[in-house]
Amino acid sequence: MTDQPRERAATYTVLHSGYVGGHVASTVALVRDGDVVLVTDPGMVRDRELILGPLREQGVAPEAVTDVVFSHHHPDHTLNAALFPNARFHDHWAIYEGDLWTDRDAEGFELSPSIRLIRTPGHTPEDITTLVGTPAGVVAFTHLWWSADSVGDPFATDLDALHAGRARVLAVADIVVPGHGPAFRPTDRTPR
């Protein structure tokens with residue numbers, strides 16, 4: 001099986017670029033592919049309007065979001081999940097919808113022909129990356145990097161796995177949307 005999404009029809013918008021320092025906020029993004037309206041990592045932000053305002057600007061009501069993906073279960077990536085009352089929630093081992101818990105491995109799971117999940121442990125043992133095929137290339141929404149210049153991860157549970165995950169993502173990604181920073185195009189100087 002390849003990590004490449006089968007199609008490249010999705011669009012994406014970064015709703016909020018995250019940061020770390022004295023305060024912390026996750027990078028939150030909107031992905032659309034056919035009937036799938038996906039939000040990634042709706043975690044901590046200074047004000048929920050920093051998610052909801054850009055979402056409205058994209059013509060999307062919170063109730064219209066069909067899916068939410070958590071890269072991992074830290075609160076800075078999950079805290080605002082309840083903003084999306086009709087969504088299915090995806091993590092490393094299940095889909096949650098209302099009171100239904102459906103077991104499934106994230107590895108290779110497709111939300112649509114252009115949206116694929118893969119396991120990329122390192123920061124935590126349960127990390128996943130969302131790979132999105134767009135007309136401009138493959139976009140990876142991931143916590144393998146905090147930002148474009150993240151050499152390591154001071155909180156990583158497994159640095160060897162983190163570096164292996166980075167190599168795996170860099171083999172397919174044209175754009176990386178990191179956990180706490182703006183999107184970037186990988187180069188030969190991107191930390192491996």
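Each residue takes its place number in the sequence, starting with 1.
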Return yes if some donor-acceptor pair links the side-chain N/O of Thr40 with the main-chain N/O of Val28 below 3.5 Å, else return no.
no
If hydrophobic clusters are built from ILVMFWY residues whose side chains come within less than 4.5 Å, do Val132 and Val169 share one?
no
Smallest heavy-atom separation, Ala148 atom then Pro191 atom, equals O-CD, 3.3 Å
How long is the straight-line distance from CG of Leu55 back to CD of Glu49, given to the nearest 0.5 Å?
10.0 Å
Atom pair CG/NE2 of Leu50 and His16 - distance to nearest 0.5 Å
4.5 Å
Can you check whether Pro182 reaches Val14 side chain to side chain, under 4.5 Å on heavy atoms?
no
Is it true that a side-chain atom of Arg119 and a backbone atom of His92 form a donor plus acceptor pair closer than 3.5 Å?
yes
In the hydrophobic clustering that connects Ile, Leu, Val, Met, Phe, Trp and Tyr at side-chain heavy-atom distances below 4.5 Å, which members other than Leu79 occupy its cluster, ordered by chain and number?
Val20, Val24, Met44, Trp146, Phe155
So, Ser26 side chain and Asp41 main chain: donor-acceptor pair closer than 3.5 Å or not?
yes
Non-hydrogen atoms of Leu15 and Pro54 that approach each other most closely:
O-CG, 3.4 Å
May I ask whether Ile118 and Phe109 are part of the same hydrophobic cluster, defined by side-chain heavy atoms of I, L, V, M, F, W, Y residues being less than 4.5 angstrom apart, directly or through others?
no
Would Leu131 end up clustered with Leu162 when hydrophobic side chains under 4.5 Å apart are linked, directly or stepwise?
yes
What is the distance from atom OG of Ser114 to atom CZ of Arg32, rounded to the nearest 0.5 Å?
14.0 Å
Hphob cluster co-occupancy, Trp145 + Ile128, side-chain heavy atoms under 4.5 angstrom
no
Within 6.0 Å of CZ in Arg104, more than 12 heavy atoms from elsewhere:
yes
Partner residues of Gln4 under the side-chain hydrogen bond (donor to acceptor under 3.5 Å, both in side chains) criterion, sequence neighbours left out
Arg8
Quick note, ring pair (Phe, Tyr, Trp, His ring centres under 6.0 Å) partners involving residues 22-55, not counting sequence neighbours, are none
Which pair of heavy atoms, one from Gly43 and one from Asn80, lies closest together, and at what distance?
O-ND2, 2.6 Å
Run the ring-ring contact (aromatic ring centres under 6.0 Å, His included) test against Phe84 and tell me which residues pass, sequence neighbours left out.
none
For Pro42 and Val69, which heavy atoms make the closest approach, and how far apart are they?
CD-O, 4.4 Å
Would the distance check show the side chain of Asp67 and the main-chain N or O of Leu38 forming a donor-acceptor pair, the cut-off being under 3.5 Å?
no
Where the side chain of Ser71 meets the backbone of Asp127, is there a donor-acceptor pair that is under 3.5 Å apart?
no
Minimum heavy-atom separation for Ala9 to Pro135, with atom names?
C-CD, 4.5 Å
Hey, is the main chain of Glu107 close enough, under 3.5 Å, to the side chain of Asp105 for a donor-acceptor pair?
yes
Out of curiosity, Glu57 CD to Leu30 CG, how far, rounded to the nearest 0.5 Å?
11.5 Å
Cluster question for you: counting only ILVMFWY and a side-chain heavy-atom cut-off of under 4.5 Å, with indirect links fine, are Trp93 and Val68 together?
yes
For Leu100, the hydrophobic cluster (side chain heavy atoms closer than 4.5 Å, chained through members) also holds none
Consider ring-ring contact (aromatic ring centres under 6.0 Å, His included). Of Phe70, Phe89, Trp101, which one does Tyr96 pass it with?
Trp101
Could you pull out all donor-acceptor pairs under 3.5 Å where a side-chain atom in residues 170-181 meets a protein atom, sequence neighbours excluded?
from: Asp174; atom 1: OD2; to: Val138; atom 2: N; distance (Å): 2.7
from: His180; atom 1: ND1; to: Ala25; atom 2: O; distance (Å): 2.9
from: His180; atom 1: NE2; to: Asp76; atom 2: OD2; distance (Å): 3.3
from: His180; atom 1: NE2; to: His77; atom 2: NE2; distance (Å): 3.1
from: His180; atom 1: NE2; to: His143; atom 2: NE2; distance (Å): 3.2

Heavy-atom closest pair (Pro5 atom, Gly133 atom, distance to 0.1 Å) is CG-N, 3.5 Å
Using the side-chain contact (heavy atoms from CB on, under 4.5 Å) rule, take Val31 and Val36 through it: C-alpha gap first, then chi angles, then the decisive distance, then the call.
CA-CA 8 Å; Val31 176; Val36 175; over 6 Å; no
Do the side chain of Arg166 and the main chain of Leu144 share a donor and acceptor less than 3.5 angstrom apart?
yes
Within a reach of under 6.0 Å around CG of Asp47, are more than 12 heavy atoms found that belong to other residues, nucleotides or ligands?
yes
